[in-house]
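Quick notes on the structure that follows.
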Amino acid sequence: MLDIIWSLGAFVVTLGVLVTFHEFGHFWVARKCGVKVLTFSVGFGKAFWQRTGKDGTVYQLSRIPLGGYVRMLDERVDDVKPADRDKSFNSKSVGQRAAIIAAGPAANFLLAVVVLWGMFVIGVPSVKPMLGSVTPNSIAAQADWPTPAEIISVNGAETEDWQQVNLAFASALGEDKATVTVRDEQQRTRTLTLDISSWRLGNEQVPTFMALGLQPYQPEIFTELDYVQENSPAAEAGLQEGDKIVAFDGTLMSDWSQIRDAIMAVPGAEVEMTVERQQVEQTIQVTIGEREVNGQTYGYLGVEPRREAYPEAYRFVQQYGIVDGLVKGAERTWELMVLSVKMIGKLITGTVSVTNLSGPVAIAEGAGVSASYGLVYFLGFLALISVNLGIINLVPLPMLDGGHLMFLAIESVRKKEVSERVQEISYRIGGALIFALMAIAISNDVLRLLR
């Protein structure tokens, strides 16, 4: 329950910030162009807080926190006094109206730059993209990878951490080949080429590099117990920290993955576990606990294995000064913008499955998880969603900012407005398409929760 409340709170904060900046972009440019703004609303529906400013604008917070709007004076929908006609939206030039409409997405991009700037100035704890192993029979298994090795670039794009590797491979989706440059422990570089012509991103919720078969370096995990949870099945059976698991129901165990899989496979079963304690082997009867995850029941003990320390040489902090941080924030925002446009194209062409669309539930989960990791991770998530919101609003669908810009482009060519009848039909079609996409995204959220 606390996780749900935390995710919901993080979602409201995220959406509130994004919507406020988006609508403020429209508001600020409209005022600069001499347009009278009647209402500035964060949220839809009935307002639960209102205040009328000295400028005559009604500022309000509404009950449905899934968007917002700026209502401007417009002769097409309002009774406008002759003295106020020059303050109406429709009285402005095509260029001014286009600037007002484009200001919303532009504000989202500017927000992303500022947020990422702050993130890089604070410093982002990161790990180098060190390759630990390659999944057999995967696309990555085509090449002879040195392990461990650091991935230093994908298709010429430098990769400082795993997030950049993930984005670089996502950008390469739909291409015939991906060129990866790695550096081994002897500091020798090698360039490998992967045939990704048949690679498509399905509904698996894993990073792109793992979908290709690249597994990040993980410190060695031992079969010795480092932690035993109180009141757990392990504690009730008498297992102790320092015990080394030797066998499970008579089967010798050589690594922790075997032990983990054996435990998960027998929920509720009573088993014999052979452990080595202070160099003496003994057999202990253990009743495996039960735990339900996504509708499946798995066994659990309530223990943690001893792990090798993660090499400090693989850790670093991405931190920059005021100026360099701003440059880095702008560069990362541009990379996210380009990737977002590419991903929309890949959704249309089928290179990426529509099952990858995410709705408000997934966004809430992402906001909650990133916020729980700390401020810098939440800032990174906020910037990503802000860029996506800006790009989606520029899609030339009626009802979106991009649709309005499309009508203005047609008007600038024809030298007259698109007829109200054509706009009305277009809005209905655009609304149906947006509703269908939202329905797919929400259904994907529900299916993920049920899995």
Side-chain angles (χ1 to χ4, degrees), residues 120 123-173 175 177-196 199 201 204-227 244-245 253-262 264 303-320 328 332 335 339 369 373-374 376-377 380:
F120 284 123
V124 187
S126 306
V127 295
K128 295 179 180 180
M130 300 298 299
L131 178 65
S133 62
V134 177
T135 304
N137 303 317
S138 63
I139 292 176
Q142 304 167 11
D144 182 20
W145 298 83
T147 54
E150 181 182 358
I151 299 174
I152 57 177
S153 71
V154 176
N155 284 346
E158 290 186 12
T159 50
E160 293 181 292
D161 57 20
W162 280 112
Q163 183 187 37
Q164 288 182 285
V165 174
N166 187 35
L167 295 177
F169 277 122
S171 183
L173 263 169
E175 299 180 10
K177 294 181 179 180
T179 303
V180 185
T181 302
V182 298
R183 180 165 50 220
D184 64 20
E185 289 186 301
Q186 284 73 45
Q187 301 302 305
R188 297 173 300 192
T189 58
R190 184 189 304 180
T191 300
L192 306 168
T193 303
L194 299 180
D195 180 359
I196 59 172
W199 179 41
L201 203 59
E204 61 270 15
Q205 299 300 303
V206 296
T208 53
F209 54 82
M210 293 184 73
L212 286 167
L214 298 174
Q215 302 297 326
Y217 167 83
Q218 294 290 341
E220 186 178 353
I221 303 176
F222 303 98
T223 58
E224 180 183 331
L225 301 184
D226 191 53
Y227 170 75
K244 181 179 179 182
I245 299 176
M253 297 283 122
S254 60
D255 60 57
W256 184 256
S257 62
Q258 278 184 290
I259 298 170
R260 181 197 61 217
D261 293 344
M264 292 177 66
V303 297
E304 288 289 338
R306 184 169 68 84
R307 301 168 184 266
E308 187 179 46
Y310 200 91
E312 285 299 320
Y314 294 174
R315 299 177 185 272
F316 70 105
V317 176
Q318 293 187 66
Q319 189 170 28
Y320 302 88
K328 193 69 177 178
R332 183 64 62 87
E335 290 171 5
L339 178 61
V369 170
Y373 287 157
V376 292
Y377 298 102

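Values in this document were obtained by computation on a predicted structure and should not be read as measured data. As a basis for the values below, the full set of heavy atoms in this structure was taken, side chains included, without hydrogen atoms, waters or symmetry mates.
- Taking CG of Leu212 as the start and CG of Asn166 as the end, the distance is 10.0 Å to the nearest 0.5 Å.
- For the ring pair (Phe, Tyr, Trp, His ring centres under 6.0 Å) test, residues two or more places apart in sequence or in another chain that qualify with Tyr217 are Tyr310, Tyr314.
- With a 4.5 Å cut-off on side-chain heavy atoms, Gln258 and Thr223 do not count as touching.
- Nearest heavy-atom pair across Glu175 and Ile196 is O-CG1, 3.3 Å.
- In this structure, the side chains of Phe316 and Ser126 come closer than 4.5 Å at one or more pairs of heavy atoms.
- Looking at Ile151 and Leu214, their side chains come closer than 4.5 Å, going by heavy atoms from C-beta outward.
- Contact detail for Asn155 and Ala172: the closest heavy-atom pair is ND2-CB, 3.5 Å.
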query: Passes side chain to side chain contact (heavy atoms under 4.5 Å, CB included), Gln215 versus Met210? Steps please.
result: CA-CA 6 Å; Gln215 302 297 326; Met210 293 184 73; 3.3 Å; yes
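- Residues passing the ring pair (Phe, Tyr, Trp, His ring centres under 6.0 Å) test with Trp162, sequence neighbours excluded: Phe209.
- Residues Gln163 and Arg332 meet the side-chain proximity criterion, which asks for heavy atoms closer than 4.5 Å.
- Closest heavy-atom contact between Ala309 and Pro219: O-CB, 4.2 Å.
- Two residues are said to be in side-chain contact when any heavy atoms from C-beta on lie closer than 4.5 Å; Phe222 and Glu308 meet this criterion.
- In this structure, Ala143 and Leu194 approach most closely via the heavy-atom pair CB-CD2, 4.1 Å.
- Side-chain contact between Val182 and Leu131 is absent, with no heavy atoms from C-beta onward closer than 4.5 Å.
- In plain terms, the two heavy atoms of Phe120 and Lys328 that are nearest each other are CE1-CG, 3.6 Å.
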- request: Output, in order, the C-alpha distance, side-chain angles, deciding distance and verdict of side chain to side chain contact (heavy atoms under 4.5 Å, CB included) for Ile221 and Asp255.
  value: CA-CA 8 Å; Ile221 303 176; Asp255 60 57; over 6 Å; no
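- Across all non-hydrogen atoms, the minimal contact from Pro129 to Glu160 is CD-O, 3.1 Å.
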- request: Under the side chain to side chain donor-acceptor pair (under 3.5 Å) rule, what do Asp161 and Gln318 come out as? Steps first, then yes or no, please.
  value: CA-CA 9 Å; Asp161 57 20; Gln318 293 187 66; 2.6 Å; yes
